[in-house]
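Keep in mind that this is a model prediction, so the values were computed, not measured.
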Amino acid sequence: MALRSAACVLLRTAVDVGFKNHARGLRSTAVLGHRSPPLGPMPNEDIDCGQLDSLEKYGSYARYVTAVEEADRKEVWWRTYRKHREEEMKEAVKPINIGLPYQRPSRKTEVRERKRLMTENKRNPELERADRLRDFRISVDKVKAEWEKSNGPYHIQRLAEHYGVYKDLFPMAYFVPRVMLRVAYGDNSDAVVHYGNHLTPTQAAQAPQISYEAEENSLWTLLLTSPDEHLMDGEQEYLHWLVGNIPGKAVMSGEEICHYIGPFPARGTGFHRFIFILFKQDGPVDFSSDQRPAPCYCLKERTFRTLDFYRKHQAVITPAGLAFHQSQWDRSVTDTFHQLINMREPVFEYERPPAYHPPQRKYPHGQPLRYLDRYRNGTEHTYGIY
């Protein structure tokens with residue numbers, strides 16, 4: 001009633017002032033102020049709040065979950081959160097798989113092979129005896145080999161997504177690492193690169209040993225880059241190693257486009273990702289436009305972008321393997337900047353000044369018990385600290 005009275009007053013005022021042409025707009029605005037009726041029954045409209053004890057009890061959590069799932073599947077007239085999410089998913093662009101094609105074996109073949117293996121194991125008296133005596137041992141190497149053939153590539157893909165590898169190197173694209181890339185640093189291969197583990201720059205100072213399964217007549221490209229290390233542009237990377245036209249598994253026989261340099265994460269910038277990517281080539285590739293001088297210790301010349309490199313050669317190279325580790329600053333980085341790169345070491349740490357405390361009082365009445373802790377290990381004389 002009050003809204004209608006206000007609308008009439010506004011309409012009469014508009015007519016008196018002379019806004020006859022705009023009076024209709026004011027009337028429409030007043031009408032739109034009314035709340036429109038619902039388009040269907042409201043949620044829980046049939047429940048009597050005064051008689052809640054008479055409602056049917058679920059009796060168990062499983063029945064409650066079943067009832068919730070049935071209610072969730074019913075069509076409603078209002079916009080639910082699921083509808084909002086479905087519209088967002090339709091509008092979003094799905095990432096493209098740029099990796100090697102994969103033809104999964106038929107399910108019947110997998111089941112038949114599994115049944116055959118189980119039958120052989122049951123007929124093996126040694127396995128039966130070891131299982132009965134509870135001293136049966138499973139080889140970790142066999143388990144890892146089976147994992148690499150089955151679920152390993154998908155687990156590595158999930159780890160790469162978790163660490164933002166695809167997002168920073170291949171925006172709106174991804175690949176499943178079908179080829180297991182094994183990277184190890186040191187003479188005894190004691191520092192192994194897995195998928196996000198921590199290695200110090202001292203451990204990764206020299207070029208690592210690379211191994212993977214490949215045919216003899218195949219060609220490969222190995223890339224090592226860091227998307228977090230660039231000092232001037234966050235969209236750029238620093239190229240640490242690039243070897244192309246690798247025949248088979250002989251990495252040392254490939255064409256070294258850019259020689260290896262160890263990690264040099266700046267002090268105070270936290271952990272940096274160092275990513276190894278193995279590309280499979282369809283044939284020989286001309287990398288003359290990507291060639292760096294040897295030796296190359298200029299950061300400007302080592303500025304790199306994986307996406308641009310892949311776009312340039314995407315017709316002949318396909319990402320197939322992946323491994324990455326993380327490193328943060330240590331003392332060897334200082335030597336790398338001073339001796340190899342020949343520049344002052346950038347430091348991003350903030351040196352906090354010591355906390356200020358007023359002179360200690362001999363009888364600090366009304367102070368908490370931790371009052372004396374403020375003056376421990378100081379140069380001035382303290383009272384009550386023994």
Side-chain angles (χ1 to χ4, degrees), residues 1-17 19-99 102 104-108 110-111 114-115 118 147 150-168 170-177 195-196 270:
M1 188 66 183
L3 182 61
R4 185 178 299 176
S5 302
C8 293
V9 172
L10 288 173
L11 183 61
R12 190 179 302 109
T13 305
V15 173
D16 295 340
V17 174
F19 298 110
K20 294 184 179 181
N21 296 331
H22 301 284
R24 191 172 184 178
L26 293 172
R27 183 182 300 173
S28 302
T29 304
V31 173
L32 292 175
H34 291 282
R35 180 179 296 178
S36 60
L39 302 178
M42 297 296 291
N44 302 327
E45 192 177 39
D46 54 341
I47 297 178
D48 187 4
C49 299
Q51 299 179 358
L52 295 179
D53 296 335
S54 62
L55 295 176
E56 182 182 358
K57 304 298 187 296
Y58 294 106
S60 66
Y61 180 73
R63 293 180 182 177
Y64 166 74
V65 172
T66 303
V68 169
E69 291 177 351
E70 292 178 356
D72 189 47
R73 286 192 294 266
K74 291 182 179 179
E75 290 292 335
V76 292
W77 58 269
W78 59 84
R79 292 173 60 84
T80 60
Y81 177 73
R82 175 178 295 180
K83 292 182 179 179
H84 282 284
R85 290 295 300 164
E86 289 177 354
E87 292 179 359
E88 290 179 0
M89 293 299 292
K90 289 180 181 179
E91 295 177 358
V93 180
K94 294 183 179 180
I96 303 172
N97 186 3
I98 59 175
Y102 176 69
R104 181 178 178 179
S106 64
R107 181 66 176 171
K108 292 182 180 180
E110 292 181 350
V111 173
R114 188 176 303 169
K115 288 183 179 180
M118 292 177 63
W147 173 77
S150 56
N151 296 328
Y154 301 101
H155 291 172
I156 298 172
Q157 177 193 354
R158 290 173 57 185
L159 286 171
E161 291 176 351
H162 173 74
Y163 282 96
V165 173
Y166 301 136
K167 180 185 65 175
D168 294 336
F170 303 98
M172 301 309 299
Y174 72 97
F175 68 93
V176 181
Y195 310 102

Notebook entry, point to check: Can you find a pair of side-chain heavy atoms, one from P153 and one from Y102, that are under 4.5 Å apart?
Noted result: no
Next item on the list: Nearest 0.5 Å please: distance from the CG atom of N97 over to the OH atom of Y174.
Entry: 4.0 Å
Next item on the list: Can you sort out the partners of R85 under salt bridge (charged side-chain N to carboxylate O under 4.0 Å, His left out), two or more places apart, ordered by chain and number?
Entry: E88
Margin query: Can a donor-acceptor pair be found, under 3.5 Å and without considering hydrogens, that links the side chain of W77 to the backbone of P41?
Written below: yes
Notebook entry, point to check: Below 4.5 Å, heavy atoms only, C-beta onward: do F170 and I98 meet side chain to side chain?
Noted result: yes
Next item on the list: Assess whether atom NZ of K115 is packed by more than 12 heavy atoms of other residues, nucleotides or ligands within 6.0 Å.
Entry: no
Margin query: Can you give me the closest heavy-atom contact between W78 and K83, atom names plus distance?
Written below: O-NZ, 3.4 Å
Check: Quick one: does W147's side chain get under 4.5 Å of H155's, heavy atoms only?
Finding: yes
Atom pairs and distances, side-chain donor-acceptor, residues 158-167, under 3.5 Å, sequence neighbours left out:
from: E161; atom 1: OE2; to: Q157; atom 2: NE2; distance (Å): 3.3
from: Y166; atom 1: OH; to: F175; atom 2: O; distance (Å): 2.6

Next item on the list: Sort and list the pairs that fulfil side chain to side chain donor-acceptor pair (under 3.5 Å) and have at least one residue in residues 59-71, not counting sequence neighbours.
Entry: none
Check: Minimum heavy-atom separation for P95 to A173, with atom names?
Finding: CB-N, 4.1 Å
